[in-house]
S.K.: 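Got a structure for you, written out below as structure tokens; questions coming shortly.
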There are 4 protein chains.
Amino acid sequence: MGVRRTGAADSRTRILDAAEALFADRGYEASSTARIAGRAQVPKGLVFHYFPQKIDVLVALVDERTFVEDAPDEPAEAVPGDPAGTLSRLAGRLPLHASPAMRRILFREADTHRSVRDRLGHLNSVLFLRARRALEIALPGARGDQARLEAAAATFAAVLIYQENLAGLTGQHLDPDAVADLITRALGA
Amino acid sequence: MGVRRTGAADSRTRILDAAEALFADRGYEASSTARIAGRAQVPKGLVFHYFPQKIDVLVALVDERTFVEDAPDEPAEAVPGDPAGTLSRLAGRLPLHASPAMRRILFREADTHRSVRDRLGHLNSVLFLRARRALEIALPGARGDQARLEAAAATFAAVLIYQENLAGLTGQHLDPDAVADLITRALGA
Amino acid sequence: MGVRRTGAADSRTRILDAAEALFADRGYEASSTARIAGRAQVPKGLVFHYFPQKIDVLVALVDERTFVEDAPDEPAEAVPGDPAGTLSRLAGRLPLHASPAMRRILFREADTHRSVRDRLGHLNSVLFLRARRALEIALPGARGDQARLEAAAATFAAVLIYQENLAGLTGQHLDPDAVADLITRALGA
Amino acid sequence: MGVRRTGAADSRTRILDAAEALFADRGYEASSTARIAGRAQVPKGLVFHYFPQKIDVLVALVDERTFVEDAPDEPAEAVPGDPAGTLSRLAGRLPLHASPAMRRILFREADTHRSVRDRLGHLNSVLFLRARRALEIALPGARGDQARLEAAAATFAAVLIYQENLAGLTGQHLDPDAVADLITRALGA
DNA sequence: GATGAATGAGCATTCATTCAT
DNA sequence: AATGAATGAATGCTCATTCAT
């Protein structure tokens, strides 16, 4: 309510910080509310003062700590005649604002918690629409049919979304720029 | 392991069946051993007779119910001069033998359980190697450089691995044949 | 205690209203102070401003919302020569002023909270004394011995006290007038 | 499953014993499962092994430790021409088999727990039917109308049921024999 | 191999109560 | 008088695991 001292976040913030770290590290189910409270250095009861149910902590994290930018009509990265650069810039500036920890949570909990899955689905659709629009602008000649362009956009969106997860799980590093190059060639002159 | 009565799977099998369904449905952490035993219609103690620790059930599932074929030197699907068909056939005959439930488990538990992650990593590397080898055979002229071919193989492997997950999570359906077409064009004549 | 706005009961009253409803519905133990505050639409802390301990809410309800009239020497309902009418009028004008909810509370909490039990005991003794005195007046000839008259008074008092409880618990409806008739005959000419 | 040592009741019995004492003493809500386990000298978890929910302990107590005899067509206590003795014998041989503790529980928890209320309601109806039948036999001349006989039976049943409760709550002792005498006179010669 | 009682740590959640503002 | 964050003990219940039979 008033000025906040530097370094002394309020209790609610500390709870969310702790939960974010723990959920990312070991998963939602394996992170007890007692442990969250302990890491946040607040009494156990306070967690439930702010979040009546444990799931509300996860929901709050997704709501407050992930943000998906809407797809604009004219994506800034789109440059006519430069599809490779366009995709590369899109990769460099993902319309998802979330810490690495939140990104792990988004993937790990998506298939059991609807609110998380919804956020991830939204991200995918925004990414897909943006990639498609950017490609349309970058390739004014509309070379290739629309279906091909959609497949290209969907593939690129999927690569952007899963690349981090893939690297973490399998060690395989998939370079978005290399994929951008492939897609440009596939659609290209 | 001995004669088996028709229609009545033995206890160990029933336990694994139950665990497979539950782990896929709600995750490993959220599936209690008591619930596994209940669904398997065996007494609680019997689960621990076969699997001394709960984690051993998951390990057994991954060991016994997922199988990744080794990448052969000459993949059957590879046909010189037909890269699109080659990739399409690879997509149709994934070297992963596992039920849909086991595939969900593979993804869901990968980032917290090493044995699962290892299996998934192995699948990725097999897929990658196989796609690369198949493309080498399909494109004898070695058009394009090696790096591009590797990116293509890695992209295609990633698409095959994540496509099901992506559809389940976001509703986005990514057609492997369309991606095969893109890649063919990217590498192609 | 000061001027009161029309239609907007003050906080203390609202707290007692809420507690009365909840205690009657689910019992004292099962009604949390938080729930009382919620139903009363007051902040949790305010309950403890007015009632330092939870039990004080119950005590205040019993003190302020139940009232047992003292037994007069000449009960208004007593008419010489008309014992049946006398008892019937006594039944119709119970010397207990309390809402149905408060009556439930009186019974439900009597055996664990002394203050409630005392109030109920007082009610019983007032009823007994009044019924006895009324019968003495109604039956001037002092027919039957004193012991019989006391048993009659005690029985009638018990019937009046428990009749509502009995109906709620067992569905059995015991008509006080019918009991008055029985007693009149038992004592009577 | 085998012979039971004297004085060493099995765990389930000890849990029920402890719960019976605690519920009677302080009520169901105020008796925690931990306290029940402590008094029974069993680990907390074992309570839930036998009774999945706390309420199941109460239900088991009511099921297993109260028994209401069915009303026979020819109640043993009924003797033609001796209504007072008939009622007196009925009072002396209540068709309810339950410890004093169980009787307190029956009353205290009846208005919040259906299974308890049902048992109490059943007891009342059995008592009423039995008293009515016994009076019909005891008073062969059918003196007085049927309505009066029903009121007498209902009153006597209520007195039997509430007498103990009344004594505990108010200190008022209502002698069933005295009530039997009143009723006999009311119906009588 | 099969069984189910036993165990106690741990879980999410609720609670009455306090207190600074 | 009013407020809601804070507190930590306690609650009902679940858990993986053990073990005697």
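Note on naming: letters A, B, ... go to the chains in the order of the sequence lines (proteins, then strands), and numbering restarts at 1 for each one.
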S.K.: Looking at E/dT17, I'd like to know if its phosphate oxygens (OP1 or OP2) sit under 4.0 Å from a side-chain N or O belonging to C/Thr33.
M.R.: no

S.K.: Base, sugar-phosphate, or nothing: which does B/Phe51 touch, judged by heavy atoms less than 4.0 Å apart?
M.R.: nothing

S.K.: For B/Leu22 and F/dC15, give me the distance from atom CG to atom P, rounded to whole Å.
M.R.: 11 Å

S.K.: What integer distance in Å separates D/Arg12:CZ from E/dA6:P?
M.R.: 12 Å

S.K.: Under a 3.5 Å cut-off on both pairing distances, which runs of 3 or more consecutive Watson-Crick or G-U pairs involve DNA chain F?
M.R.: E:2-21 with F:2-21

S.K.: Starting at the 5' end of DNA chain F, which residue's closest nucleotide do you reach first, D/Ala34 or B/Pro52?
M.R.: D/Ala34

S.K.: Could you check B/Ser31 against D/Ser31 and say which one's nearest nucleotide on DNA chain F is further toward the 5' end?
M.R.: D/Ser31

S.K.: Using the side chain to side chain contact (heavy atoms under 4.5 Å, CB included) rule, take D/Phe23 and D/Ile36 through it: C-alpha gap first, then chi angles, then the decisive distance, then the call.
M.R.: CA-CA 9 Å; D/Phe23 290 172; D/Ile36 293 169; 3.8 Å; yes

S.K.: For the side chain of C/Leu46, counting heavy atoms from C-beta on, which of F/dA16, F/dT3, E/dA6 is nearest?
M.R.: F/dT3

S.K.: Heavy-atom nearest nucleotide on DNA chain E for D/Pro43 versus C/Arg35: which residue maps closer to 5'?
M.R.: D/Pro43

S.K.: Starting the side chain at C-beta, find the nucleotide from F/dA6, F/dA2, E/dA6 nearest to D/His49.
M.R.: E/dA6

S.K.: Rounded to whole angstrom units, what separation is found between the CD1 atom of A/Ile55 and the C1' atom of E/dC11?
M.R.: 15 Å

S.K.: So, B/Thr13 versus B/Asp10: side-chain donor-acceptor pair below 3.5 Å or not?
M.R.: yes

S.K.: Quick one: do B/Glu64 and B/Arg12 make a salt bridge, cutoff under 4.0 Å?
M.R.: yes

S.K.: Without decimals, in angstroms, what is the distance between B/Glu29 CD and E/dG10 P?
M.R.: 15 Å

S.K.: Rounded to the nearest 0.5 Å, how far apart are OG of D/Ser32 and CZ of D/Arg26?
M.R.: 8.5 Å

S.K.: Side chain of B/Phe48, heavy atoms from C-beta onward: which of F/dG8, E/dT3, F/dT18 has the nearest atom to it?
M.R.: F/dT18

S.K.: Under a 4.0 Å N-O cut-off, is there an ion pair linking C/Asp111 with C/Arg117?
M.R.: no

S.K.: Could you tell me whether C/Arg65 and C/Asp17 make a salt bridge, using a distance below 4.0 angstrom between a side-chain N and a carboxylate O?
M.R.: yes

S.K.: Starting at the 5' end of DNA chain E and moving along, which residue's nearest nucleotide shows up first, D/Lys44 or A/Lys44?
M.R.: D/Lys44

S.K.: Can you check whether B/Lys54 has a side-chain N or O nearer than 4.0 Å to OP1 or OP2 of F/dA16?
M.R.: yes

S.K.: Give a yes/no on whether any side-chain N or O of A/Tyr50 is located under 4.0 angstrom from OP1 or OP2 of F/dA6.
M.R.: yes

S.K.: Under 3.5 Å, is there a donor-acceptor pair linking the side chains of C/Arg119 and C/Thr66?
M.R.: yes

S.K.: Do any side-chain nitrogens or oxygens of D/Ser11 fall under 4.0 Å of OP1 or OP2 in E/dA6?
M.R.: yes

S.K.: Assess the residue pair C/Leu58 and C/Ile105 against the criterion (side chain to side chain contact (heavy atoms under 4.5 Å, CB included)); give the C-alpha distance rounded to whole Å, side-chain angles, the decisive distance to 0.1 Å, and a yes or no.
M.R.: CA-CA 9 Å; C/Leu58 180 58; C/Ile105 294 170; 3.7 Å; yes

S.K.: Reckon A/Gln53 has a side-chain N or O less than 4.0 Å from the OP1 or OP2 of E/dT13?
M.R.: yes

S.K.: What integer distance in Å separates C/Ile15:CD1 from E/dT17:P?
M.R.: 14 Å

S.K.: When the distance from CD of B/Gln41 to P of E/dT3 is rounded to whole Å, what number comes out?
M.R.: 12 Å

S.K.: Determine the contact category for D/Ser32: base if any of its heavy atoms lies under 4.0 Å from a base atom, sugar-phosphate if only primed atoms, P, OP1 or OP2 are that close, otherwise nothing.
M.R.: sugar-phosphate

